[in-house]
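These numbers were taken from a predicted model, which means no experiment stands behind them. Atom set for the values below is all heavy atoms of this structure, side chains included, hydrogens, waters and symmetry mates excluded.
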Amino acid sequence: FRSPGVIIPEWRRDEAIAFVQSGLEDFSISREKKRLTWGVPVPDDESQVMYVWFDALTSYISTLGWPADTEGKFKKFWEEGTVLQMAGKDQVRFQSLMWQAMLMSAQIKNTDQVFYHGFINSGGQRMSKSLGNVISPYDLVKKYGTDATRYMFLRHVHPTEDSDVTWERLDEWYTAHLTNGLGNLVARVMKLAGEHLEAPVATVSIEFPKEYADAIARFQFNQATDLIWEHIQKLDERIA
């Protein structure tokens with residue numbers, strides 16, 4: 001994590017560096033079995049079980065078939081590929097320090113890049129079943145559809161900061177940008193096509209503007225979708 005860009009956003013890298021500079025100590029990866037009966041047994045010590053976070057981190061590579069790697073996925077995606085991990089903002093110590101130390105101790109390639117996202121709150125509070133403000137992704141897809149849900153989260157959920165999402169805001173975004181914005185544009189284009197075209201027209205390939213590609217590279221998906229909607233609005237105004 002000494003090189004800029006390996007941890008995004010940059011201030012999360014500063015957080016990791018500050019933690020290391022404060023001094024590192026040994027940390028326990030196990031608990032007494034009598035206190036934590038559901039852990040993974042520690043080899044050669046029946047009184048201890050591995051704490052869940054330690055075992056969970058290995059799923060990054062075990063899901064690819066490590067250590068046997070009979071299908072070659074670990075070699076293809078981890079050893080020879082560019083490894084990007086995405087995690088919540090509260091996972092910096094685990095993902096960028098402890099997990100990387102585990103990989104180094106096992107002589108396995110470190111993660112190339114870690115991206116830390118913010119939390120999604122609702123009504124100014126963290127989502128909680130007790131508060132009754134949980135917004136289920138299944139309910140979102142059922143109401144708006146998969147692609148519309150993806151759009152609203154890409155554009156209106158900040159990549160690295162906390163964001164506030166409510167059903168009222170979701171309805172507003174859906175109506176203003178998809179129904180009235182994109183929906184109106186598609187309807188106008190299809191009406192013009194039906195009136196003036198006798199056959200389908202050939203599509204052409206275009207290069208994405210640099211500012212759009214740069215936003216994607218920085219994981220600023222909200223800015224990238226804003227750029228798209230600027231063009232949608234301009235075209236809609238031009239046709240109108």
S.K.: Should the pair Phe219 and Phe221 be assigned to parallel (<30°), tilted (30 to 60°) or perpendicular (>60°) ring geometry?
M.R.: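 Ring orientation, 0 to 90° scale: perpendicular.
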S.K.: Is it true that the side chains of Thr111 and Tyr60 contain a donor and an acceptor less than 3.5 Å apart?
M.R.: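 Side-chain D/A pair, Thr111 to Tyr60: absent.
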S.K.: Salt bridge (Lys or Arg N to Asp or Glu O under 4.0 Å), that's the test. Do Arg169 and Glu172 meet it? Break it down for me.
M.R.: CA-CA 5 Å; Arg169 289 180 179 177; Glu172 179 184 339; over 6 Å; no
S.K.: Given 3.5 Å as the limit, does a donor-acceptor pair link the side chain of Trp78 with the main chain of Lys109, or not?
M.R.: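 Yes, Trp78 side chain to Lys109 backbone: donor-acceptor pair under 3.5 Å.
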S.K.: Would you check if there is a donor-acceptor pair between the side chains of Asp226 and Tyr212 at a distance under 3.5 Å?
M.R.: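 There is no such pair (donor and acceptor under 3.5 Å, judged by atom type) between the side chains of Tyr212 and Asp226.
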S.K.: For Ile135, what residues pass the side-chain contact (heavy atoms from CB on, under 4.5 Å) criterion, not counting sequence neighbours?
M.R.: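 If we apply the side-chain contact (heavy atoms from CB on, under 4.5 Å) test to Ile135, skipping adjacent residues, the hits are Ser122, Met127, Leu140, Val165, Trp167, Leu170.
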S.K.: Asp45: which residues meet the side-chain contact (heavy atoms from CB on, under 4.5 Å) condition with it, sequence neighbours left out?
M.R.: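 Testing Asp45 for side-chain contact (heavy atoms from CB on, under 4.5 Å), a comparison that skips the adjacent residues, returns Val42, Ser47, Gln48.
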S.K.: Is any side-chain heavy atom of Met98 less than 4.5 Å from a side-chain heavy atom of Ile29?
M.R.: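 Met98 vs Ile29: side chains apart.
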S.K.: Is it the case that the side chain of Lys89 and the backbone of Glu161 share a donor-acceptor pair, with hydrogens and angles ignored and the cut-off at 3.5 Å?
M.R.: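 Answer holds: no.
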S.K.: Please examine the side chains of Met102 and Thr58, heavy atoms only from C-beta on, and report whether any two atoms are closer than 4.5 Å.
M.R.: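 The answer is yes; the side chains approach within 4.5 Å.
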S.K.: Taking Asn222's backbone N and O only, do any of them form a donor-acceptor pair with Thr225's side chain (distance below 3.5 Å, no angle check)?
M.R.: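 Answer holds: yes.
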S.K.: Kindly write out the residues that satisfy salt bridge (charged side-chain N to carboxylate O under 4.0 Å, His left out) with Lys191, not counting sequence neighbours, or none if the list is empty.
M.R.: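 Partners of Lys191 by the salt bridge (charged side-chain N to carboxylate O under 4.0 Å, His left out) criterion, ordered by chain and then number, come out as Glu195.
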S.K.: Show, in sequence, the C-alpha distance, side-chain angles and deciding distance for Thr82 and Gln113, and conclude whether the side chain to side chain contact (heavy atoms under 4.5 Å, CB included) test is met.
M.R.: CA-CA 8 Å; Thr82 299; Gln113 193 173 50; 6.0 Å; no
S.K.: Looking only at heavy atoms, what is the nearest atom pair of Phe74 and Ile108, with distance?
M.R.: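 Closest approach of Phe74 to Ile108, heavy atoms only: CZ-CG2, 3.8 Å.
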S.K.: Find out whether Trp11 and Thr160 are in side-chain contact, i.e. whether some heavy atom of one side chain is under 4.5 Å from a heavy atom of the other.
M.R.: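 Yes - at least one pair of side-chain heavy atoms lies under 4.5 Å apart.
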S.K.: Apart from Leu197 itself, what residues make up its hydrophobic cluster, given side-chain heavy atom links below 4.5 Å?
M.R.: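 Members besides Leu197, by chain and number: Val201.
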S.K.: I'd like to check Phe54 versus Val40 (side-chain heavy atoms, cut-off strictly below 4.5 Å). Are they in contact?
M.R.: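 The answer is no, as the side chains (C-beta and beyond) never meet within the 4.5 Å cut-off.
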S.K.: Pro41: what forms a side-chain contact (heavy atoms from CB on, under 4.5 Å) with it, not counting sequence neighbours?
M.R.: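 If we apply the side-chain contact (heavy atoms from CB on, under 4.5 Å) test to Pro41, skipping adjacent residues, there are no hits.
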S.K.: Just jot down the side chain to side chain donor-acceptor pair (under 3.5 Å) partners of His156, sequence neighbours excluded, or say none.
M.R.: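 His156 satisfies side chain to side chain donor-acceptor pair (under 3.5 Å) with His177 once adjacent residues are dropped.
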